[in-house]
Protein chains: 2
Amino acid sequence: MRNALKIGELAKHTGCDVATIRYYEQAGLLPKPARSDGNFRLYGDSQVERLALIRRCRSLDMTLLEIRTLLRFCDAPERNCGDVNALLEEHISHVADRIAELRRLEKELKNLRRLCQDTQAAKHCGILEGLSKGAAGSRRRKALVGHVHRAHAPRRKAKSA
Amino acid sequence: MRNALKIGELAKHTGCDVATIRYYEQAGLLPKPARSDGNFRLYGDSQVERLALIRRCRSLDMTLLEIRTLLRFCDAPERNCGDVNALLEEHISHVADRIAELRRLEKELKNLRRLCQDTQAAKHCGILEGLSKGAAGSRRRKALVGHVHRAHAPRRKAKSA
DNA sequence: AGAAACCCTCTAGTTACTCTAGAGTCAAGA
DNA sequence: TCTTGACTCTAGAGTAACTAGAGGGTTTCT
């Protein structure tokens, strides 16, 4: 194999963490690579491209499941454009839904904040009041209380490259 | 204790799953409740209110950590409105950030989709091309490739009540 | 009395990583 | 040649916020 990269080099090329690369391998997104005499992973150009594609899809917030599906299309000899298109469509609608939901949320939160500014001088906090009453200054609260899909992931600190 | 509810009744009152209530207890958001002779959990009115507050905050997409903090303020004899306000402010800015990010994302995805519609008749899929080239029809790609905070949670199916 | 509906604890699984421990490999400098 | 340091290996545990299941006990209804 010409131009073989060790995992750390591949990581630098793609801006992907070393541990994440190993994780993708284990998750079946990257094929098991060749190994050096000392059992180090060795990657060729096609793996670099494949990983770049994966990272790009992740940056578009696709799940690994979606990406796995996409890669199957890629690997198929006759690429089926329709399937890819459908996958993308569905992902776009996920994103649009989430945006709409967050906008509702933002509005409610701002209502809540106003409650506090209004009664800043008072003995008890308007926000806490608003939260326990559950109204937050609006009438239509039911929609949010139910089983709306939500992102529950932690907000992590950005780590500088 | 008058008006004591079993866990299933509390669940119905608050629209919260039974297992989730037990989880909140274990996570320290709800105090350990009284028990019946048969070792069933028994809840009073204050617990109902507390759980409702928690669920409301979750519906506003706050993390359990944020909610724990909020509850400490609630439990404090002298409620500190400033702290509550700060917590809310920060949460609002989290939400706003996420919205902005998703909007960028949506735009990129739509660019990508256009690529396919443009070359529908061609032998190879424009989307896959676009994804591997990494450009998706735009120049400023760097911003998204880095370490932007993202929600990685699965999209779950909504379960009807 | 027996069945259905409820409750209990404990464990493991989910996503997409991240981090650690404990060990092995490799290239350069003293 | 030895050593130091940077890199790599595997395996396992931890993260958030639950959800699902096993294998039992309790209550309620008929």
Side-chain angles (χ1 to χ4, degrees), chain A residues 4-30 32-43 51 54-55 57-69 94 98 146-159, chain B residues 4-12 14-30 32-43 51 54-55 57-69 94 98 147-159:
Chain A
L5 302 175
K6 279 189 289 181
I7 198 167
E9 294 162 335
L10 176 60
K12 242 167 254 166
H13 271 261
T14 52
C16 181
D17 195 79
V18 166
T20 305
I21 297 175
R22 283 194 280 252
Y23 172 74
Y24 287 161
E25 177 185 331
Q26 196 233 272
L29 293 173
L30 290 173
K32 301 209 176 256
R35 296 289 184 136
S36 73
D37 286 354
N39 199 33
F40 287 10
R41 288 171 177 82
L42 295 178
Y43 297 94
L51 180 55
I54 293 170
R55 291 311 287 175
C57 290
R58 286 296 295 128
S59 83
L60 294 173
D61 231 17
M62 293 186 198
T63 64
L64 295 194
L65 194 64
E66 288 173 311
I67 298 173
R68 224 189 317 267
T69 305
H94 285 323
R98 182 82 182 122
H147 303 275
V148 186
H149 105 256
R150 258 197 312 271
H152 290 295
R155 283 185 288 270
R156 31 193 122 212
K157 300 273 177 258
K159 214 168 80 189
Chain B
L5 302 175
K6 280 189 289 182
I7 197 168
E9 295 161 336
L10 176 59
K12 241 167 256 168
T14 53
C16 181
D17 194 80
V18 166
T20 304
I21 296 174
R22 283 194 280 252
Y23 172 74
Y24 287 160
E25 177 185 331
Q26 197 233 272
L29 292 173
L30 290 172
K32 301 206 177 258
R35 297 286 184 137
S36 72
D37 287 352
N39 200 32
F40 287 11
R41 288 171 177 81
L42 296 178
Y43 298 93
L51 179 54
I54 292 171
R55 291 310 288 174
C57 290
R58 287 294 296 128
S59 83
L60 295 173
D61 230 17
M62 293 186 197
T63 65
L64 294 193
L65 194 64
E66 287 174 310
I67 298 172
R68 226 189 314 270
T69 305
H94 285 323
R98 182 82 182 123
H147 304 273
V148 186
H149 105 256
R150 258 196 311 272
H152 290 295
R155 283 185 287 272
R156 28 192 127 214
K157 301 271 177 260
K159 214 168 81 189

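What's counted below: heavy atoms across the whole structure, side chains too, no hydrogens, waters or symmetry copies. Lettering of chains follows the sequences in order, A, B, ..., and the numbering in each one begins at 1.
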Engineer: At their closest point, which heavy atom of A/A19 faces which heavy atom of A/D17, and how far apart are they?
Structural biologist: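 Closest pair (atom of A/A19, atom of A/D17, distance): N-OD2, 3.0 Å.
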Engineer: Within the pair B/Y24 and D/dC18, is there a side-chain N or O less than 4.0 Å away from OP1 or OP2?
Structural biologist: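 B/Y24 to D/dC18 OP1/OP2: side-chain N or O found under 4.0 Å.
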Engineer: Give the table of side-chain donor-acceptor pairs shorter than 3.5 Å for residues 4-12 of chain A, with sequence neighbours excluded, one pair per line with atom names and distance.
Structural biologist:
from, atom 1, to, atom 2, distance (Å)
A/E9, OE1, A/K6, N, 2.7

Engineer: Starting at atom CG of B/L51, determine the distance to atom P of D/dC18, rounded to an integer number of angstrom.
Structural biologist: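 After rounding, the reported distance stands at 11 Å.
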Engineer: Write down the atom of A/R35, the atom of A/L42, and the distance for their closest heavy-atom approach.
Structural biologist: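 In terms of heavy atoms, the two residues are closest at C-CD1, 3.9 Å.
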Engineer: Between A/E25 (CD) and C/dC17 (P), how many Å, whole number?
Structural biologist: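 Those two atoms, CD and P, are 15 Å apart.
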Engineer: Separation of A/L42 atom CG from C/dC26 atom P, in whole Å?
Structural biologist: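 One finds 10 Å between P of C/dC26 and CG of A/L42, rounded.
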Engineer: Rounded to the Å, how far apart are B/Y23 OH and C/dT14 P?
Structural biologist: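 Spelled out: OH on B/Y23 to P on C/dT14 is 17 Å.
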Engineer: My understanding is that only residues two or more places apart in sequence, or in another chain, count here; which of them pass side chain to side chain donor-acceptor pair (under 3.5 Å) with B/Y23?
Structural biologist: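 Partners of B/Y23 by the side chain to side chain donor-acceptor pair (under 3.5 Å) criterion come out as none, since no residue qualifies.
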Engineer: What pair of heavy atoms forms the shortest contact from A/I54 to A/L29, and how long is it?
Structural biologist: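 That closest heavy-atom pairing would be CD1-CB, 3.8 Å.
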Engineer: Could you state the atom-to-atom distance from CD1 of B/I21 to P of D/dC18 in whole Å?
Structural biologist: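 The answer, rounded to whole Å, is 12 Å.
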Engineer: Can you tell me how far P of D/dC18 sits from CZ of B/R68, to the nearest Å?
Structural biologist: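 B/R68 atom CZ is separated from D/dC18 atom P by 11 Å.
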Engineer: For nucleotides 1-11 of chain C, give me one character per nucleotide, 5' to 3': B if any protein heavy atom sits under 4.0 Å from the base, S if the only such contacts are to the sugar-phosphate, - if neither.
Structural biologist: ------SSB--
Engineer: According to a strict under-4.0 Å criterion, is B/T20 in side-chain N/O contact with OP1 or OP2 of D/dT19?
Structural biologist: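 Answer is yes, contact under 4.0 Å.
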Engineer: Measure from CG on A/D37 to C1' on C/dC26 and round the result to the nearest Å.
Structural biologist: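 Atom CG in A/D37 sits about 12 Å away from atom C1' in C/dC26.
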Engineer: List the atom of A/M62, the atom of A/R58, and the distance in Å for their closest heavy-atom pair.
Structural biologist: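 Shortest heavy-atom separation between A/M62 and A/R58 comes out as O-NH1, 2.5 Å.
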